[in-house]
Amino acid sequence: MKRFALTLLLASGCYASTHVVRRIESRRSPRAETCTTVPLYSDRGPSRERVAIAVVSSECRTSKEAECRAHLQQAGCEANADAVVEVTQRPADGHLRMVGTAVEFTSE
C-alpha cells in the first residue's frame, strides 16, 4: 500500500526531498550538542586525517538545489559527521541527486 501511494505521488508530479544515510563505520558516540549544520566540500576538504563513516545522499527537484544541500547536511548530522566531502551533483529527469562521504576528522 505504501509503495502504491509513493508511486502515485511521484507520478502526479509531486516530489518530496529526501535524504539517505548508509553507515560505513559507527564507532562515534552521539554529539552532546544538537547538530544544525555540517560543512559540505566538493573536494576532499581540509587536509586533516579522517575516516569515512557513511555515504550520504539527498534527492530533490533540480530547481531546489539549496533544499538538496540542506538535506545533505541533515544526513551528515544524522551520521554524526564532522564534514561531508567529495559532494557531487547528478541531475537526471528534472531531479537532482547529491552524494557525499560523511567523515570524522581524527587529527587537528
Side-chain angles (χ1 to χ4, degrees):
M1 184 65 166
K2 286 182 183 179
R3 186 176 284 170
F4 174 74
L6 180 59
T7 303
L8 185 61
L9 182 67
L10 291 174
S12 69
C14 296
Y15 189 80
S17 297
T18 60
H19 67 271
V20 176
V21 177
R22 291 188 178 88
R23 296 194 189 282
I24 296 171
E25 188 174 316
S26 59
R27 57 190 184 100
R28 289 193 75 178
S29 57
R31 295 177 187 269
E33 71 281 353
T34 303
C35 178
T36 56
T37 184
V38 172
L40 301 178
Y41 300 97
S42 59
D43 57 5
R44 289 193 41 84
S47 53
R48 295 167 56 186
E49 288 186 34
R50 69 191 81 216
V51 63
I53 56 175
V55 174
V56 294
S57 65
S58 65
E59 196 165 333
C60 57
R61 289 197 179 279
T62 305
S63 62
K64 304 271 185 179
E65 184 176 338
E67 188 176 309
C68 229
R69 287 188 179 281
H71 281 278
L72 198 63
Q73 287 177 316
Q74 183 179 358
C77 283
E78 286 180 23
N80 205 25
D82 292 323
V84 178
V85 299
E86 299 171 346
V87 174
T88 59
Q89 298 181 19
R90 300 177 187 151
D93 299 328
H95 294 93
L96 178 65
R97 180 176 173 88
M98 298 179 107
V99 179
T101 304
V103 297
E104 170 189 358
F105 293 122
T106 57
S107 69
E108 290 300 316

**Student:** Between the side chains of R44 and E86, is the shortest nitrogen-to-carboxylate-oxygen separation below 4.0 Å, so that they form an ion pair?
**Tutor:** yes
**Student:** To the nearest 0.5 angstrom, please state how far the NE2 atom of H95 sits from the NZ atom of K64.
**Tutor:** 12.0 Å
**Student:** Taking Q89 for its side chain and M98 for its backbone only, find out whether a donor-acceptor pair lies under 3.5 Å.
**Tutor:** no
**Student:** What's the shortest heavy-atom distance between V103 and R50, and which atoms?
**Tutor:** CG1-CD, 4.0 Å
**Student:** Is the shortest side-chain heavy-atom distance between L40 and Q73 below 4.5 Å?
**Tutor:** yes
**Student:** Could you tell me which non-hydrogen atom of A83 sits nearest to which non-hydrogen atom of V38, and how far apart they are?
**Tutor:** CA-CG1, 3.3 Å
**Student:** Write down the atom of V85, the atom of D43, and the distance for their closest heavy-atom approach.
**Tutor:** CB-O, 3.6 Å
**Student:** Identify the heavy atoms of T101 and A52 that sit nearest to each other, and give their distance.
**Tutor:** CG2-CB, 3.7 Å
**Student:** Is the closest side-chain heavy-atom distance between R90 and E59 below 4.5 Å?
**Tutor:** no
**Student:** Report the residue from C77, C60, S58 that forms a side-chain contact (heavy atoms from CB on, under 4.5 Å) with L72.
**Tutor:** S58
